[in-house]
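No hydrogens, no waters, no symmetry mates; every other heavy atom, side chains included, goes into these values.
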Amino acid sequence: MGRRYEVAEVRRRLSGSRLVTLTGVGGVGKTRLAWHVAAEVRSAFPDGVWLVELAGLENPELLAQTVVEALEIRDHSSRRPLDVLTDHLRDKRMLVILDNCEHLLPQCAVLADSLLRSTADLKILATSRQVLGLTYEHTLSVPTLELPSTEKRRLSIKSLARCDAVRLFIERANGVLPGFSVTEANREAVERICRQLDGIPLGIELAVVRLRALSVQQLLERLDDRFQLLTAGSRVVLPRHQTLRALIDWSYVLCTDQERLLWARASVFTGGFDLEAAEEVCSGDGISREEVLDVVTGLVDKSVLLREEPHSTVRYRLLDTLRQYGREQLVAAGEAATWQRCHRDYYRRLASEARAELFGPSQVPWFTRLNLEHTNLRTALEFSFDEPGEADTGLDMASDLLYHWITSYYIGEGRRWLDQGLAVCTDPSQVRGRALWTNSWLAVIQSETGAAAAMLEESGRLGKQLADESVLAYTALYSGMIAMYRGDAESAIGLYEEAVARHRATDDPVGLVLSLIRLSLLHSFLGDSPRAISIGEESLSVCDAYGEGWHRAYTTMALGVEVWRQGDTRRAAGLEEESLAFNRSLDDPLGVGVNLEVLAWIAATEEHYERAARLLGILQTIWQAIGAPLSGYGHLVNYHDECESRTRRALGATAFRAAVKKGSRLSYDEALSYALEEDLTAGEPGGEDERPSPLTPRETEIAHLVAQGLSNKEIAATLVIAQRTAEGHIEHILSKLGFTSRAQVAVWVFEHDRAADGEGGSTEGGR
């Protein structure tokens with residue numbers, strides 16, 4: 001990386017200012033410098049260092065929402081995203097990196113100012129081609145990489161290789177020509193190339209790719225030719241943006257015709273794309289679908305496309321500077337709208353396919369895929385609502401993404417898209433009817449039952465007018481939820497039973513299971529145990545017939561409530577823990593919250609009051625983060641209140657507060673380990689410091705099975721868990737360790753065990 005002086009200077013400025021902005025031309029390395037600084041100062045921010053990537057965000061109205069998502073804030077309330085942010089950050093000691101602010105300067109300035117004024121310990125590091133313009137902002141113009149001095153004596157080869165620009169040249173050249181080094185024979189050419197490119201990192205990286213076909217001297221000669229054409233013989237030094245532009249122009253010229261086409265067409269993607277997306281969106285008119293892979297490979301070889309591998313899936317990305325260049329080519333050719341529509345059509349189909357595949361064994365992979373594609377989905381929706389005559393398509397797509405909004409950080413954004421579409425698409429139609437009940441569920445989750453009821457009233461009218469059984473079925477289901485929320489159990493039973501009947505008639509397993517879960521909980525609440533159990537078991541059988549996991553976890557939760565009410569606390573705990581394990585693997589905070597509620601009630605029933613109080617403390621944190629306690633399950637609040645009162649009486653006020661505080665101070669992973677009794681020392685003094693790894697004991701166990709070469713299916717069989725649960729654990733392991741492959745996990749296990757053995761004891765490795 002180099003940049004020793006710049007890293008030290010940014011650290012110094014951060015120590016004295018809460019807002020530091022790194023400025024400079026595109027490609028100069030602002031983002032890379034910000035991340036280098038972040039890695040060095042991470043220990044000073046106990047609440048973490050968070051990156052908010054803004055290059056792909058085109059709608060300034062979504063800025064605060066994008067920051068909420070990047071900070072992984074799960075808020076199910078209907079509050080403004082800015083309010084959610086300020087509340088979340090108020091007591092946090094955190095560094096937030098706002099990357100690529102230049103196209104959203106006024107909005108970023110307002111956001112940064114609002115956040116910094118409402119918090120005490122938040123710091124912001126921004127990168128932008130221009131300053132934000134706040135009076136208290138400290139700025140640092142990021143220089144190009146250090147070049148060898150022309151005024152000092154001739155440097156040795158070793159000293160020359162330590163200059164930042166030359167060091168980067170050597171590193172990138174080794175990726176093209178393994179074993180490359182600077183020698184007396186090529187040193188002058190290397191120095192001149194670095195100078196010719198003004199030490200711009202992106203320029204060096206693009207130029208070095210040419211060493212596959214050229215010698216260093218030939219590369220220098222061709223660079224000279226490019227710049228002589230640009231300056232028409234002038235000896236005036238090129239401005240740096242022209243230097244980079246000339247090099248990008250040259251890279252474009254040296255691409256094949258197909259590579260130029262794909263470069264331009266790929267600029268419609270935001271946040272990256274996979275090969276399937278490239279084949280669907282970028283093929284045609286000069287590139288066949290079968291040729292896309294070779295063309296993508298050519299652009300990767302030329303460093304135009306970056307290859308990344310998140311979650312064991314290969315994706316490609318254009319750097320922002322190169323994406324803007326590609327978009328210019330697309331606009332100049334008059335083809336921007338054509339390929340934006342291709343992009344929209346592909347993601348419209350993807351959303352529809354995900355909805356169709358929701359209820360089955362592919363559920364978790366689909367949720368993961370939609371999360372990876374979130375920025376592209378957002379771009380597709382923006383196109384639909386901005387393009388005349390396309391709003392119906394956008395509204396239908398937003399409805400298809402219902403479970404994407406619910407299972408991630410996007411409930412507020414989902415409401416926004418649906419509200420926007422419903423305001424425009426006012427004609428009575430199946431699309432509007434479905435969007436109304438879809439939006440009503442999001443409103444119920446946000447505890448806005450008044451808004452939900454109004455939408456359901458209209459969807460019911462539309463369902464009858466259009467004779468649409470599906471709309472009528474879901475209208476009955478969510479109307480039942482509202483009735484239950486209002487304490488009208490009699491009406492709720494009738495509505496749930498109507499929903500069950502209609503969903504059976506339309507052969508909709510998703511709606512059927514949702515209705516059965518609610519009906520089971522209601523009969524349990526009314527004391528009809530046999531009915532509650534039989535309905536719950538029917539729901540399980542439907543889920544198992546389809547190989548479904550998420551709704552099954554909620555069914556298991558509902559059964560756990562009834563089994564607890566019957567007094568079988570051991571079996572109830574087993575059911576809740578099974579449900580919790582899946583909800584954790586899916587990272588569903590609402591499901592996790594309800595599971596923890598029932599486990600707290602069970603602990604109090606068993607007179608394990610210390611555990612009950614700690615679980616209540618954990619729940620304080622979770623419900624506060626979600627913004628809607630027992631969201632959608634409000635009729636269970638009496639059980640929570642009874643548990644809290646009983647536990648407080650048993651422990652006494654002082655001990656109760658202390659135990660609750662211990663629970664509330666646990667991190668999310670520690671809290672779930674404690675709830676599942678995976679780590680019985682969680683929260684004890686010194687427990688966190690003594691933990692040998694970032695993995696929970698269960699994750700450590702699974703990491704060892706991965707290291708042994710077991711497949712997901714074999715791991716599931718060994719541990720007697722669902723394969724989907726094993727897959728979820730492995731995703732968490734990869735994420736926590738920052739890895740992209742199972743082989744990296746195996747190496748980590750080996751090194752971790754060796755380190756533990758060296759300290760005089762083995763951990764899981766001795767199994």
Side-chain angles (χ1 to χ4, degrees), residues 1-3 6-7 10 21-37 51 53-56 97-105 125-131 139-147 163-173 175-176 193-211 219 222-223 226-227 230 237-255 263-264 266-267 270 272 299-308 316-329:
M1 164 66 189
R3 301 279 198 191
E6 289 81 7
V7 170
V10 177
T21 302
L22 308 181
T23 63
V25 298
V28 80
K30 299 183 293 293
T31 299
R32 197 178 318 187
L33 175 59
W35 263 115
H36 196 150
V37 171
L51 174 68
E53 296 178 329
L54 300 176
I97 302 173
L98 297 179
D99 192 31
N100 291 299
C101 298
E102 53 272 354
H103 61 303
L104 301 167
L105 274 179
L125 178 60
T127 74
S128 176
R129 296 179 192 178
Q130 295 177 269
V131 299
T139 63
L140 176 68
S141 178
V142 178
T144 54
L145 293 175
E146 175 197 15
L147 294 164
C163 291
D164 289 343
V166 176
R167 181 193 303 178
L168 179 63
F169 187 103
I170 295 169
E171 289 175 357
R172 296 301 182 260
V176 176
I193 289 170
C194 291
R195 291 188 192 287
Q196 189 80 279
L197 297 172
D198 282 334
I200 299 173
L202 178 57
I204 292 171
E205 291 175 358
L206 288 174
V208 166
V209 170
R210 300 298 163 195
L211 293 179
L219 174 60
R222 279 159 176 75
L223 278 176
R226 297 300 303 179
F227 294 141
L230 185 64
V237 177
L238 288 172
R240 282 170 181 153
H241 71 273
Q242 287 184 268
T243 300
L244 185 59
R245 177 72 184 209
L247 190 64
I248 296 174
D249 283 339
W250 186 40
S251 296
Y252 188 73
V253 168
L254 292 177
C255 287
W263 182 346
S267 69
T270 49
L299 289 175
V300 171
D301 289 343
K302 293 177 174 65
S303 292
V304 174
L305 285 178
L306 297 182
R307 181 187 184 278
E308 300 172 332
Y316 306 96
R317 179 169 61 88
L318 283 166
L319 288 176
D320 186 45
T321 304
L322 301 184
R323 178 172 174 260
Q324 290 176 3
Y325 185 92
R327 182 63 64 90
E328 289 174 12
Q329 308 309 311

Would you compute the distance between atom [atom1] of [X] and atom [atom2] of [Y] and round it to the nearest 0.5 angstrom?
| X | Y | atom1 | atom2 | answer |
| --- | --- | --- | --- | --- |
| Leu202 | Thr144 | CG | OG1 | 13.0 Å |
| Glu102 | Leu54 | CD | CG | 9.0 Å |
| Phe169 | Leu145 | CZ | CG | 13.0 Å |
| Ser303 | Ile204 | OG | CD1 | 12.5 Å |

Do you know the tightest heavy-atom contact between [X] and [Y]?
| X | Y | value |
| --- | --- | --- |
| Leu33 | Val7 | CD1-CG2, 3.7 Å |
| Leu299 | Cys255 | CD2-SG, 4.1 Å |
| Pro143 | Glu6 | CG-OE2, 3.1 Å |
| Val304 | Leu318 | O-CD2, 3.4 Å |
| Ser128 | Leu105 | OG-CD2, 3.6 Å |
| Cys101 | Ala126 | SG-CB, 4.2 Å |

According to side-chain contact (heavy atoms from CB on, under 4.5 Å), who are the partners of [X], at least two apart in sequence or on a separate chain?
| X | answer |
| --- | --- |
| Val300 | Val296, Leu305, Arg307, Tyr316 |
| Arg210 | Leu214, Leu219, Trp250, Ser251, Leu254, Lys302 |
| Thr139 | Thr21, Val131, Glu137 |
| Leu147 | Ala165, Cys194, Arg195 |

Student check: side-chain heavy atoms of [X] and [Y] closer than 4.5 Å:
| X | Y | value |
| --- | --- | --- |
| Leu223 | Leu247 | yes |
| Leu322 | Ile248 | yes |
| Lys30 | Arg129 | yes |

TODO: Look only at the side chain of Arg327 and the backbone of Ser267, and say whether a donor-acceptor pair between them is shorter than 3.5 Å.
DONE: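 Side chain of Arg327 to backbone of Ser267: a pair is present.
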
TODO: Indicate yes or no for a side-chain donor-acceptor contact from Thr127 to the backbone of Asn100 under 3.5 Å, with no hydrogens or angles considered.
DONE: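 It does hold such a pair.
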
Open item on the list: Looking only at side-chain N and O atoms, does Asp99 offer a donor or acceptor that is under 3.5 Å from a partner on Thr31?
Closed with: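 Checked: Thr31/Asp99 side chains pair up, N/O donor to acceptor below 3.5 Å.
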
Open item on the list: Holding to side chain to side chain donor-acceptor pair (under 3.5 Å), I want the full list of residues that pass it with Glu308, two or more places apart in sequence or in another chain.
Closed with: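 In terms of side chain to side chain donor-acceptor pair (under 3.5 Å), with neighbours along the sequence ignored, Glu308 is linked to Arg317.
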
TODO: Not counting sequence neighbours, which residues clear side chain to side chain donor-acceptor pair (under 3.5 Å) with Asp320? List them please.
DONE: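 Asp320 satisfies side chain to side chain donor-acceptor pair (under 3.5 Å) with Gln324 only.
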
[X]: which residues meet the salt bridge (charged side-chain N to carboxylate O under 4.0 Å, His left out) condition with it, sequence neighbours left out?
| X | result |
| --- | --- |
| Asp249 | Arg245 |
| Arg323 | Glu58 |
| Glu205 | Arg32, Arg172 |

Open item on the list: Does Asp301 form a side chain to side chain contact (heavy atoms under 4.5 Å, CB included) with Val209? I'd like the steps, not just the answer.
Closed with: CA-CA 7 Å; Asp301 289 343; Val209 170; 5.7 Å; no

TODO: May I ask you to decide if the ring planes of Tyr325 and Trp263 are parallel, tilted or perpendicular, using 30° and 60° as cut-offs?
DONE: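 Tyr325 and Trp263: tilted rings.
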
